[in-house]
There are 2 protein chains.
Amino acid sequence: MTQPGPRPARILLADDHTLVRRGVRLILDAEPDLTVVAEAADGAEAVAQARGLDVDLAVLDIAMPRQTGLHAARELARTRPGLRILMLTMYDNEQYFFEALRAGASGYVLKSVADRDLVEACRAALRDEPFIYPGAETTLIRTYLDRARNGGPLPERPITEREEEILKLVAEGHSSKEIGDLLVISPKTVERHRANLLQKLGLRDRLELTRYAIRVGLIEP
Amino acid sequence: MTQPGPRPARILLADDHTLVRRGVRLILDAEPDLTVVAEAADGAEAVAQARGLDVDLAVLDIAMPRQTGLHAARELARTRPGLRILMLTMYDNEQYFFEALRAGASGYVLKSVADRDLVEACRAALRDEPFIYPGAETTLIRTYLDRARNGGPLPERPITEREEEILKLVAEGHSSKEIGDLLVISPKTVERHRANLLQKLGLRDRLELTRYAIRVGLIEP
DNA sequence: CTGTCCATCCGTGCCGACACCCATATTTCG
DNA sequence: CGAAATATGGGTGTCGGCACGGATGGACAG
């Protein structure tokens, strides 16, 4: 056994659920080479914490009030280039996975994973190695990681911001006319966006669109 | 200070996220009068665990794969009348709250609450007192709880078996004709059932019907 | 600069959802 | 037994979802 490094890696932990922070902190602090030095309950708080502290790794939940983990990740990757970022989320979803990598995260772990996987993901992130969460090794992700490793072109975001906006409203049950009035655009434009969404996501109708939106956490049932 | 009871209350903990179970278990086991004796990762597992074990209280997450916490709560309330049920969820939402009470839960706590509130909610549930999570004391909830306390009539779920069958199929995205073919009845009859469902549940269209079905655990997103 | 992607807009047409009206056979229950 | 609820079937009409065409202007990258 070799000596551990000069000091354990310093971790910032952000999740809006107190109970999750409890569990994660318990697991990470049990490792000699990892220590949680700060907690945050939303994305803005996480960014603020990282500003004033010496932190090596940020573990961010995606779904947080006010500012999401993805948003915070983009901010952190921009302002603190040396900082590693690990997304910790309940969403087993390719969309979010790609979004996370694009936001500057080097790892993506599900909240349902075992303790060991979480620890390994943290260590991998600290080495700046991409971490594939177990059970998500789909062809798409493999392709993505291969391309990322070889410096190839990354696939673009399948869904634009505007489309996500429309997706959310459609899934909430609003008609094209309502959405058009809300966004001050023609109902026909809304329908065009909706049609593009159906095509891009490979779905059939707005009912499947709703279930998709619920699945990825865009809206609540 | 009096002596604690002859034994701590035995708790079954169900949540699909390992990390949440860690946190909750840590908090509850720290209390001398509470002990977690079993864990489950989904609703079906929770029901199975409760069958073979001596359990006083079930702490159930709502959003779980395969079978939701609400579904499991209904099952448990039916098969194990003595068992107390506490819903633990991320949804700060009246709909869910009512759905939980109707499913047989005696408490409703958010995952973002502090440790103390979770412990107090468990103790309240064990005494079979309804627990209002902090910040959710709306008029609607007060009325409901008053009626529950005074033994008044609780709003029932006025859905027949046949209607639930149609509800499920509609929520899965099938058309009236498809459902008619499947159940060997006229599409018009399907439409009549669907119309009755909308009226009974106070919903507007099949999109809300879908979200309702997901909420009560009838189908998955 | 030129091409690609994005957001915006329009017309036509079909079909299913949904509301409103109606009736009838069976079962359940007071 | 008679009333109510349930499950079944029908007709008619409006409206919106969705597919299929098309077009334009602006932003950004190669």
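Sequence lines set the chain letters: A, B, ... in the order given, protein chains first and strands last, and positions in each chain run from 1.
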To the nearest angstrom, how far is [X] atom [atom1] from [N] atom [atom2]?
X	N	atom1	atom2	result
B:R162	C:dT26	CZ	P	16 Å
B:L198	C:dC20	CG	C1'	14 Å
B:L203	C:dC18	CG	P	11 Å
B:I166	C:dA17	CD1	C1'	16 Å
A:Q199	C:dA7	CD	C1'	16 Å
B:I185	D:dG10	CD1	P	11 Å

*5' priority, DNA chain C, between B:L207 and B:R192 [closest heavy atom]*: B:L207
Is there a side-chain polar atom (N or O) of [X] under 4.0 Å from OP1 or OP2 of [N]?
X	N	result
B:S186	D:dG10	yes
A:T189	C:dC10	no
A:S175	D:dC15	no
A:R204	D:dA19	no
B:T160	D:dA5	no

*State whether the distance check finds a donor on one side and an acceptor on the other, under 3.5 Å, for side chain A:R194 versus base D:dG17.*
no
*asked:* For a quick check, tell me whether the side chain of B:K188 and the base of C:dT24 share a donor-acceptor pair closer than 3.5 Å.
replied: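 Checked by distance alone, the answer is no.
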Would [X] and [Y] pass as an ion pair if we require N to O under 4.0 Å?
X	Y	value
A:D15	A:K111	yes
A:R194	A:E163	no
B:R21	B:D61	no

_Go nucleotide by nucleotide along DNA chain D from the 5' end; which of B:E161 and B:P187 gets its closest nucleotide reached first?_
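Taking each residue's closest nucleotide, the earlier one in sequence belongs to B:E161.
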*Considering heavy-atom distances to DNA chain D, does B:R206 or B:V190 have its closest nucleotide positioned more toward the 5' end?*
B:V190
_Does B:N196 reach a base, just sugar-phosphate, or nothing at all? Heavy atoms under 4.0 Å._
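The residue B:N196 makes no contact with any strand.
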*Within a strict 4.5 Å, meaning less than it, do heavy atoms of the A:D56 and A:L83 side chains meet?*
no
*Does any donor atom in the side chain of B:T210 or A:R211 lie under 3.5 Å from an acceptor atom in the other side chain?*
no
